[in-house]
Amino acid sequence: MGSQVLLSFLFFLFFFFFSILMGVSNSSLVPAIYVFGDSLVDVGNNNHLKLSLAKANFPHNGLDFPTKKPTGRFSNGKNAADFVAERVGLATSPPYLSLISKFRKTVNTTPFKTGVSFASGGAGIFNETNNLFKQSVAMDQQIELYSRVYKHLVGELGSSGAAAHLSKSLFTVVIGSNDIFGYHESSDLRQKYSPQQYLDLMASTLHSQLKRLHGYGARKYVVGGIGLVGCAPSQRKRSKTGECDEEVNNWAAIYNTALKSKLETLKMELNDISFSFFDVYQVMSNFVHSPSSYGFTEIKSACCGLGNLNADVPCLPIAKFCSNRNNHLFWDLYHPTQEAHRMFANYIFDGPFTYPLNLNQLIAL
């Protein structure tokens, strides 16, 4: 009888400590991640937009995703939003539009506490940028959708509970590339604004949008700059020698400087916020100028597509794709490969190329 009691007690201790260990190992570093942006971090919102021309829910996208199927990510596999979520111990924030019915009624609020993605392929800081792809969810609209999540959290947790929850959560914003492309392609915009005026307007508009998010509980921002977009295959193919469009790259660099300044201003205006700015422009510059140091052997051509630099035809089911995606910088004519996204996420989390904090430091505050 005594041995049975002892055995039961030992089993109890085993399961008690096992549960504690499992709880520790499964705990996340932050309670939630709310994602805003464009196709670089879209995880499937555009799948639910009937009229959108910016979709990736068909082969060969998703070739290297765990399911081996297209998900709506503009990638051969995962994107930076997935990898950042993994690093903090959370599942990828699901696309908001997958949680609502066709009548725009919320049918699944369960993920609201651990994060939701509002990112949409083709989206811009400006509402007008959406006209490029017929239908996407612009930044203003993304914030409006998030406000519904915020109201639900206040209803569930109370005002103070929601504030505490959101103050520890991450608000990730990756947007602006489509606005640059929109300016490049629009003679009307170039007549209306000088490059400097347009880029300053982009930065000031995003500043206002980030301020709106603060009103809905955002306190920790992870903001991505614009990358070396003039070196995307879509831009290189316009050059007979396949060179980067340095004018477009220069616009991106000017905007990034303006955005960093606006983030510093935001910090002065709202002293209860913190931010991490990711200089993806510099990271991509390093990839392009010293590709072998990062394992890349092809930095000009897209892996998936057809024609010159595989950029005359997008990554459609009729397109061809490369056998080794890990040595390509670009998956299609606009978007980096999963391998590039993995490196982006590691830099975001550990630095360098983050200012003034890396994500690990931001979380620790």
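Computed from a predicted structure; not experimentally measured.
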Please determine whether a side-chain nitrogen of the Lys or Arg among [X] and [Y] lies less than 4.0 Å from a carboxylate oxygen of the Asp or Glu.
{"X": "Asp140", "Y": "Arg212", "answer": "yes"}
{"X": "Arg73", "Y": "Asp42", "answer": "no"}
{"X": "Glu269", "Y": "Lys211", "answer": "yes"}
{"X": "Asp245", "Y": "Arg236", "answer": "no"}
{"X": "Lys267", "Y": "Glu264", "answer": "no"}
{"X": "Lys260", "Y": "Asp279", "answer": "no"}

Donor-acceptor contact present, side-chain [X] to main-chain [Y], <3.5 Å:
{"X": "Lys220", "Y": "Ile363", "result": "yes"}
{"X": "Asn46", "Y": "Leu49", "result": "no"}
{"X": "Ser186", "Y": "Tyr183", "result": "no"}
{"X": "Tyr355", "Y": "Phe275", "result": "no"}
{"X": "Ser28", "Y": "Pro31", "result": "no"}
{"X": "Glu339", "Y": "Asn326", "result": "no"}
{"X": "Asp38", "Y": "Gly122", "result": "no"}
{"X": "Ser261", "Y": "Thr257", "result": "no"}

I want to check something: taking the side chain as every heavy atom from C-beta on, are [X] and [Y] in contact at a cut-off of under 4.5 Å?
{"X": "His60", "Y": "Trp331", "value": "yes"}
{"X": "Phe171", "Y": "Leu166", "value": "yes"}
{"X": "Val43", "Y": "Pro95", "value": "yes"}
{"X": "Cys322", "Y": "Arg325", "value": "yes"}
{"X": "Val229", "Y": "Ser177", "value": "yes"}
{"X": "Glu144", "Y": "Val137", "value": "no"}
{"X": "Ser117", "Y": "Asn45", "value": "yes"}
{"X": "Phe58", "Y": "Cys315", "value": "no"}

When hydrophobic residues are tied together by side-chain contacts of less than 4.5 Å, even through go-betweens, does Leu228 share a cluster with Val248?
->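 Each belongs to a different hydrophobic cluster.
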Honestly curious: do Val84 and Phe36 fall in one hydrophobic cluster under the side-chain, below-4.5 Å linking rule?
->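 Val84 does not cluster with Phe36.
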From CG (Leu266) to CG (Asn271), nearest 0.5 Å =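 The distance works out to 11.0 Å.
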Please determine, by modelled atom types, if [X] and [Y] share a side-chain donor-acceptor pair under 3.5 angstrom.
{"X": "Glu246", "Y": "Asn250", "result": "no"}
{"X": "Thr129", "Y": "Asp179", "result": "yes"}
{"X": "Asp272", "Y": "His214", "result": "yes"}
{"X": "His335", "Y": "Ser75", "result": "no"}
{"X": "Asn76", "Y": "Asp64", "result": "yes"}

Greater than 12 external heavy atoms within 6.0 Å of Lys240's NZ =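 Counting neighbours around NZ of Lys240, 12 or fewer heavy atoms of other residues, nucleotides or ligands fall under 6.0 Å, so no.
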Would you please classify the geometry between the His184 ring and the Trp251 ring as parallel, tilted or perpendicular, with 30° and 60° separating the classes?
->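 It falls in the perpendicular class, over 60°.
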Nearest non-hydrogen partners of [X] and [Y], listed with the distance:
{"X": "Pro111", "Y": "Asn108", "result": "CD-OD1, 3.5 Å"}
{"X": "Pro94", "Y": "Val116", "result": "O-CG1, 3.5 Å"}
{"X": "Tyr255", "Y": "Leu199", "result": "CD1-O, 3.8 Å"}
{"X": "His165", "Y": "Leu153", "result": "CD2-CD1, 4.5 Å"}
{"X": "Ile125", "Y": "Gln209", "result": "O-NE2, 3.1 Å"}
{"X": "Ala232", "Y": "Phe330", "result": "CA-CZ, 3.7 Å"}

Compute the ring centroids of [X] and [Y], then answer whether they are less than 6.0 Å apart.
{"X": "Phe74", "Y": "Tyr334", "answer": "no"}
{"X": "Tyr34", "Y": "Phe118", "answer": "no"}
{"X": "Tyr216", "Y": "Tyr150", "answer": "yes"}
{"X": "Phe287", "Y": "Phe296", "answer": "yes"}
{"X": "Phe277", "Y": "Phe353", "answer": "no"}

Report the residue from Gln338, Glu86, His341 that forms a side chain to side chain donor-acceptor pair (under 3.5 Å) with Lys78.
->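 One option only clears the test, and that one is Glu86.
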Arg238: which of Glu247, Glu185, Glu243 passes salt bridge (charged side-chain N to carboxylate O under 4.0 Å, His left out) |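 Only match with Arg238 under salt bridge (charged side-chain N to carboxylate O under 4.0 Å, His left out): Glu185.
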Just checking, Arg87 and Phe349: is the charged tip under 6.0 Å from the six-membered ring centre and within 45° of the axis?
->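 Yes.
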Sole candidate of Leu170, Thr172, Leu213, Leu362 that passes side-chain contact (heavy atoms from CB on, under 4.5 Å) when paired with Tyr221 =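 With Tyr221 as partner, side-chain contact (heavy atoms from CB on, under 4.5 Å) holds for just one option, Leu213.
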May I ask you to check whether the SG atoms of Cys244 and Cys231 are separated by less than 2.5 Å?
->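 Yes, because the SG atoms of Cys244 and Cys231 sit under 2.5 Å apart, which meets the disulfide cut-off.
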